[in-house]
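First up is the structure itself, then whatever we jot down about it.
Values below: all heavy atoms of this structure, side chains included; hydrogens, waters and symmetry mates excluded.
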Amino acid sequence: MDRRHAPDPELRIVVLGGIGPSQFQLTNALLGREEFATDVCSILASKKSLGELAGRRVAVINGPNIYEDLSKAKKKTEVKRSKCLSCPGPHALLIVFDLERISPNDIKVPSLVMKSFGDDCLNYCMVLLAYDGDLDGTALDDRMLRMDWHLRELVEQCGGRYHVFNKNWRDRSKGRELLQKMERMLSSVGGHFYSNRSYQTAEESVRREQGKLQKKKKAEMERARKELENQYSGEELRWQMNAYNTSMETELRAKAEKDNGWLRTSRAVGTGLGFAMGAVMGMLVGAIEGPGGVVVGGVVAGTVGGAAGGAAQIALEHLEDRMVPQAMMFNFNSVFINRFYMDPPQ
């Protein structure tokens with residue numbers, strides 16, 4: 001059976017914005033909470049947030065805005081990171097615009113999304129329009145027909161699919177309507193999530209990393225299970241053991257999505273480019289001192305350049321944590337057993 005047709009416990013939604021705060025306003029609206037502060041207009045690293053929309057579990061993935069002023073290497077890394085966070089593949093890609101600031105230049109956004117996520121991704125795309133107050137569908141249709149040809153063109157590129165949402169995340173009156181639109185979109189493509197070769201590579205890398213992490217924690221996990229066996233028995237033990245195994249699998253999967261071999265290759269490329277550029281500059285400068293200076297200058301400057309390339313990538317990754325508060329990480333073994341184990345259902 002094709003894994004894409006298997007039931008999914010959650011709806012994976014990739015949210016994409018061109019510029020400004022619109023994509024973060026949408027995430028707040030989807031989750032019904034202030035995941036992003038109202039003054040957040042950009043982030044440097046892709047981020048995954050979990051919650052519920054109209055009773056359905058959702059995983060919402062945000063990344064840097066499409067027009068964010070980032071290096072080509074950093075943009076490529078963040079596209080890969082968003083794929084790891086949404087693998088094995090998203091059920092919907094929501095492209096967000098501010099209805100009052102949309103411009104003819106935004107017509108290019110769907111093609112840029114397609115360039116990053118693959119030729120067929122537009123079958124899973126929907127235009128989301130941020131708006132202050134209420135705007136019914138008739139008024140928007142009239143506006144598109146009479147004035148905003150570029151808005152009409154945008155919507156047509158995404159199969160005529162669009163949805164207007166209130167910038168005030170506390171207003172969730174249209175949440176069920178949006179969920180139904182996404183479900184209809186999924187039905188139109190056979191009911192399975194989006195995937196391509198790039199997403200398959202992401203999923204394979206995440207699974208490999210998860211396996212490595214599990215091996216490292218094997219002894220720790222065995223000790224935790226033995227503690228459970230000492231505390232419980234029978235049906236209660238089975239329930240607590242299942243809950244523990246699920247929590248550990250979730251923790252390791254989350255870590256593997258954030259850091260794995262596929263993502264680390266991007267950082268290695270950044271370091272390599274820095275080394276190469278530094279080496280070239282060093283050799284040019286060293287040439288002034290003759291053949292010996294070329295060798296020494298190339299080695300020294302190349303090493304410095306490589307370190308700088310790697311350090312810049314690491315610095316960016318540390319800076320992104322300051323821009324948007326990240327979820328606190330904790331150890332499930334100690335927390336689960338000693339403090340937060342759940343009572344079995346009565």
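Salt bridge status for Glu204 with Arg207: absent, with no side-chain N to carboxylate O gap under 4.0 Å. Under a 4.0 Å N-O distance rule, the pair Glu251/Lys255 qualifies as a salt bridge. Residues Arg253 and Glu203 are paired through a salt bridge, judged by an N-O separation under 4.0 Å between the basic side chain and the carboxylate.
Judged purely by distance below 3.5 Å, without hydrogens or angles, the side chains of Lys47 and Ser49 pair a donor atom with an acceptor atom. For Ser173 and Asp171, the side-chain atoms include at least one donor-acceptor pair closer than 3.5 Å. Residues Asn65 and Ser42 have side chains that never bring a donor and an acceptor to within less than 3.5 angstrom of each other. Side-chain atoms of Arg225 and Asn245 form a donor-acceptor pair, as typed in the model, at a separation below 3.5 Å.
Counted within 6.0 Å of CG on Leu53, heavy atoms from surrounding residues, nucleotides or ligands total more than 12; the atom is thus considered enclosed. More than 12 non-hydrogen atoms from other residues, nucleotides or ligands lie less than 6.0 angstrom from CG of Asn242. The neighbour count for Gln214 CD, taken as heavy atoms of other residues, nucleotides or ligands under 6.0 Å away, does not exceed 12. Shown here is Glu249, whose CD atom has no more than 12 heavy atoms of other residues, nucleotides or ligands within 6.0 Å. Applying the 6.0 Å contact sphere to CZ of Arg33 captures more than 12 heavy atoms from other residues, nucleotides or ligands. Remark: Arg101 CZ is loosely packed, at most 12 non-hydrogen atoms of other residues, nucleotides or ligands lying under 6.0 Å away.
The minimum heavy-atom distance between Met182 and Leu11, with the atom names listed, is CE-CD2, 4.0 Å. Here the closest heavy-atom approach between residue Val14 and residue Pro90 is recorded as CG2-CB, 3.8 Å. Listed here is the closest heavy atom pair of Asn28 and Glu34: OD1-C, 3.6 Å. Shown here for Ala256 and Val206, the closest heavy-atom pair between the two residues is CB-O, 3.4 Å. Leu122 and Gln157 get closest at one heavy-atom pair: CD1-O, 3.8 Å. Nearest approach of Leu99 to Tyr131, heavy atoms of both residues: CD2-CD1, 3.5 Å.
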Exercise. Where do Glu183 and Arg176 land on the salt bridge (charged side-chain N to carboxylate O under 4.0 Å, His left out) test, with the steps shown first?
Worked result: CA-CA 10 Å; Glu183 289 174 340; Arg176 185 167 298 280; over 6 Å; no
For this session: Report the C-alpha separation of Arg161 and Lys181 in whole Å, then their side-chain angles, then the decisive distance to 0.1 Å, and conclude whether the side-chain contact (heavy atoms from CB on, under 4.5 Å) test is met.
Result: CA-CA 8 Å; Arg161 296 178 293 270; Lys181 287 181 179 179; over 6 Å; no
Problem set entry | Criterion side-chain contact (heavy atoms from CB on, under 4.5 Å) on Tyr244 and Leu228, from CA distance to verdict | CA-CA 9 Å; Tyr244 172 74; Leu228 287 175; 3.8 Å; yes
For this session: Output, in order, the C-alpha distance, side-chain angles, deciding distance and verdict of side-chain contact (heavy atoms from CB on, under 4.5 Å) for Leu50 and Leu31.
Result: CA-CA 8 Å; Leu50 304 177; Leu31 300 174; over 6 Å; no
For this session: In sequence, state the C-alpha distance, the side-chain angles, and the governing distance for Leu85 and Lys258, and then conclude on side-chain contact (heavy atoms from CB on, under 4.5 Å).
Result: CA-CA 7 Å; Leu85 293 173; Lys258 292 177 180 178; 4.3 Å; yes
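Listed for the Ser233 side chain is no donor-acceptor partner under 3.5 Å among the backbone atoms of Glu229. Distance alone, capped at 3.5 Å, is enough to place a donor-acceptor pair between the Ser205 side chain and the Trp262 backbone. With hydrogens and angles ignored, the 3.5 Å screen pairs no side-chain donor or acceptor of Arg56 with any backbone N or O of Leu179. No donor-acceptor pair closer than 3.5 Å links the side chain of Ser86 to the backbone N or O of Gly89. Although no hydrogens or angles enter the test, the distance criterion places a donor-acceptor pair under 3.5 Å between the side chain of Arg172 and the main chain of Leu30. In this structure, the side chain of Ser116 does not engage the main chain of Val113 through any donor-acceptor pair within 3.5 Å.
Side-chain contact between Asn168 and Asp132: absent, with no pair of heavy atoms (C-beta onward) separated by less than 4.5 Å. You'll find the side chain of Phe24 stays beyond 4.5 Å of the side chain of Val15, heavy atoms only. Two residues are said to be in side-chain contact when any heavy atoms from C-beta on lie closer than 4.5 Å; Glu10 and Glu52 fail this criterion. By the 4.5 Å heavy-atom criterion applied to side chains, Leu263 and Cys84 are counted as neighbours. Using a 4.5 Å cut-off on side-chain heavy atoms (C-beta onward), Trp169 and Thr27 make no contact. Side-chain atoms of Glu257 and Asn260, non-hydrogen and from C-beta on, never get closer than 4.5 Å to each other.
The cationic group of Lys83 lies under 6.0 Å from the six-membered ring centre of Phe117 and within 45° of the ring axis, placing it in a cation-pi geometry.
Neither Leu44 nor Ile19 shares a network with the other; the hydrophobic side chains, linked directly or stepwise wherever heavy atoms of I, L, V, M, F, W or Y lie under 4.5 Å apart, form separate groups for each. Hydrophobic clustering of Ile, Leu, Val, Met, Phe, Trp and Tyr side chains at less than 4.5 Å, counting indirect connections, unites Val155 with Val109. Clustering ILVMFWY residues whenever any of their side-chain heavy atoms sit less than 4.5 angstrom apart, transitively, puts Met221 in the very cluster that holds Leu237. Hydrophobic clustering of Ile, Leu, Val, Met, Phe, Trp and Tyr side chains at less than 4.5 Å, counting indirect connections, unites Val96 with Tyr67.
Here the CD1-CG distance, from Ile66 to Leu112, works out to 6.0 Å after rounding to the nearest 0.5 Å. In this structure, CZ in Phe165 is found 9.5 Å from CG in Leu94, a value given to the nearest 0.5 Å. In this structure, the separation between OG1 on Thr38 and NZ on Lys167 is 12.0 Å, given to the nearest 0.5 Å. Here CG of Leu16 is found 6.0 Å from CD1 of Ile95. Values are rounded to the nearest 0.5 Å. Here the CE atom belonging to Met241 is positioned 12.0 Å from the OG1 atom belonging to Thr246, to the nearest 0.5 angstrom. To the nearest 0.5 Å, the span separating CG on Leu129 from CG on Leu154 amounts to 8.5 Å.
Remark: of the listed residues Ile13, Val58, Leu186, Leu186 is the sole one forming a side chain to side chain contact (heavy atoms under 4.5 Å, CB included) with His91. In summary, of the residues considered (Lys80, Lys75, Arg81), a salt bridge (charged side-chain N to carboxylate O under 4.0 Å, His left out) with Glu78 occurs for Arg81 alone. Here the options are Lys218, Lys217, Lys216, the test is salt bridge (charged side-chain N to carboxylate O under 4.0 Å, His left out), and the partner is Glu220; only Lys217 passes.
Aromatic ring pairs are classed by plane angle as parallel below 30°, tilted from 30° to 60° and perpendicular above 60°; the pair Tyr124 and His192 is tilted. Relative ring orientation between Tyr194 and Tyr199 is described as perpendicular, the plane-to-plane angle rising above 60° on a 0-90° scale split at 30° and 60°.
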